[in-house]
Amino acid sequence: MNAIDLFAGCGGLSRGFMDAGFQIIVGVDNDQAALDTFARNHIGAVALKADLSNPQTFDLIRNVVSGRSIDVIIAGPPCQGFSLTGPRHFDDKRNKLYLAVFDAVKEYHPKGFIIENVPGMATLYNGQIKNEILSKFESLGYNVKCQILCAADYGVPQIRHRLIFMGVKKDIGYPHFPSALFSPANYRTCREAISDLPSRINDIGKEVDSYSSDPKTDYQKLMRKASSVLFNHVAAKHSQMVQNTIALVPEGGNYKDLPAGWGESRKFHVAWTRYHGDKPSNTIDTGHRNHFHYEYNRIPTVRENARLQSFTDDFVFLGTRTQQNRQVGNAVPPLLGYYLALSLRAIIEGGND
Ligand SMILES: C[S@@+](CC[C@H](N)C(=O)[O-])C[C@H]1O[C@@H](n2cnc3c(N)ncnc32)[C@H](O)[C@@H]1O
């Protein structure tokens, strides 16, 4: 089945779809570093750098698709910029990034689509934006449902909630979200995910390096696949002051555990948060300056966060460290994408997930 990925980023969502057997024809984004990573990890897909708010971008996509049928459209438009200005909110040109997905569905009539967004979008303007998205796509001939899913329920060692819209052509069937495979009692943990990676104590490591031990858990085996080389596992260099501050935070703790006078510069709710080794991680964000390794006194490396996002070790991130972190934090965990893809494929093929 052919798919196109709009607002593809580095391609976490499309990696999941590829793993489920979909062919990604093109991934579109306006961030060059993310597209470099996308191209490196999605062999056979075209990485198209273009602005999806510009109507001419659709000519470029049309050229790449070149008459092939598109079975599925997947998209992760950024949430910022939603505004309500009048009776036809959705059509307000400031909401044009969503309109790009709508226009693509209108043009390619895929059998189904998936749109990912932050959970806050479900309640934005008392749910008006969400309801408008539902009715707008329904008017195109789709049954559409949305639900907030937690990545940990699908084997991702991370508490990450995301709002997912699934649409299925009315003559094909109804959306159906994948059932949870894990529960809080058996969620995968940080330790299960990253305890085999070198500590980087006294050595920040290299962009391309080797493993220093065998995998210790089934999840680590799954993440290594056949990788024999370790990429993107480079530690940040913190000042002694920052290291001393992190050292004062216990596993699972945060700034509230610091003695009076410490860590004054960061006091918002996720500041100075140390992961708990025996729990899934907090939501991986794009900044990565406020979360720390459960054992070592440093922020996680790009590879550690990629593991917590369920990117296998053969998925290599390109660009500066800041760009790599942004790509990882922006992504849909590939495992979540994989189970969404299986569900959608089963509906399209008339089976069960
Ligand atoms: C949430 S991220 C998508 C993550 C992706 N779905 C994944 O799983 O890796 C949103 C992406 O939209 C891109 N973007 C933002 N505005 C854009 C625009 N006007 N045209 C194209 N891409 C844009 C950003 O560069 C970013 O990579």
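Read the numbers this way: they start at 1 and go in the same order the structure lists the ligands and their atoms. Both backbone and side-chain heavy atoms feed into the values below; hydrogens, waters and symmetry mates do not.
Taking the ring axis of Tyr154 as reference, the NZ or CZ atom of Arg162 does not stay both within 45° of it and closer than 6.0 Å to the ring centre. Relative to the six-membered ring of Tyr211, Arg224 meets both conditions, a distance below 6.0 Å and an angle of at most 45° to the axis.
Asp19 has a carboxylate O that lies under 4.0 Å from a charged side-chain N of Arg15, or vice versa, which qualifies the two as a salt bridge. Between Asp71 and Lys111 there is a salt bridge, since at least one side-chain N of the basic residue sits less than 4.0 Å from a carboxylate O of the acidic one. Ionic pairing of Arg307 and Asp196 is present here: one or more N-O contacts between side-chain nitrogen and carboxylate oxygen are shorter than 4.0 angstrom. Taking 4.0 Å as the cut-off between side-chain N and carboxylate O, Asp257 and Arg274 do not count as a salt-bridged pair.
Contact annotation for Ala331 and ligand 1: heavy atoms of both the backbone and the side chain come within less than 4.0 Å of the ligand. With a 4.0 Å heavy-atom cut-off, ligand 1 is reached by the side chain of Leu97 but not by its N, CA, C or O. Looking at Ala8 against ligand 1, only its backbone comes within 4.0 Å, counting heavy atoms. Residue contacts with ligand 1 for Ala50 involve N, CA, C or O but no side-chain atom from C-beta outward (heavy atoms, distance under 4.0 Å).
Aromatic rings from Phe113 and Phe137 are positioned such that their centres are separated by under 6.0 Å.
Residue nearest to atom 14 (N) of ligand 1, selected from Asn30, Asp5, Leu6: Asn30 (by heavy-atom distance).
Taking the six-membered ring where the residue is Trp, Phe315 and Phe311 present tilted rings, their angle falling between 30° and 60°.
Per-residue contacts place Asp31 under 4.0 angstrom from the following atoms of ligand 1 (heavy atoms of the residue considered): 25 (O). Near Gly76, with a cut-off below 4.0 Å to any heavy atom, the atoms of ligand 1 are 1 (C), 2 (S), 3 (C), 10 (C). The Asp51 neighbourhood of ligand 1 comprises atoms 18 (C), 19 (N), 20 (N), with distances under 4.0 Å to a heavy atom of that residue. Each of the atoms 9 (O) of ligand 1 lies under 4.0 Å from some heavy atom of Gly11. Taking every non-hydrogen atom of Gly9 and a distance limit under 4.0 Å, the qualifying atoms of ligand 1 come out as 27 (O). Ligand 1 places these atoms under 4.0 Å from at least one heavy atom of Leu13: 7 (C), 8 (O).
Annotation: Pro77 places no N or O atom under 3.5 Å from an N or O atom of ligand 1; distance criterion only. Residue Gly12 has at least one N or O atom closer than 3.5 Å to an N or O atom of ligand 1. For a threshold of 3.5 Å applied to N or O pairs, the pair formed by Asp29 and ligand 1 contains at least one separation below that value. Taking only nitrogen or oxygen atoms, main chain and side chain alike, Ala34 does not reach within less than 3.5 Å of ligand 1.
For residues 179-199, no residue pair satisfies the ring-ring contact (aromatic ring centres under 6.0 Å, His included) rule, not counting sequence neighbours.
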Can you give the donor-acceptor pairs under 3.5 Å from side chains of residues 138-146 to other protein atoms, not counting sequence neighbours?
from: Ser139; atom 1: OG; to: Lys136; atom 2: O; distance (Å): 2.6
from: Tyr142; atom 1: OH; to: Pro110; atom 2: O; distance (Å): 2.5
from: Asn143; atom 1: ND2; to: Gly173; atom 2: O; distance (Å): 2.9

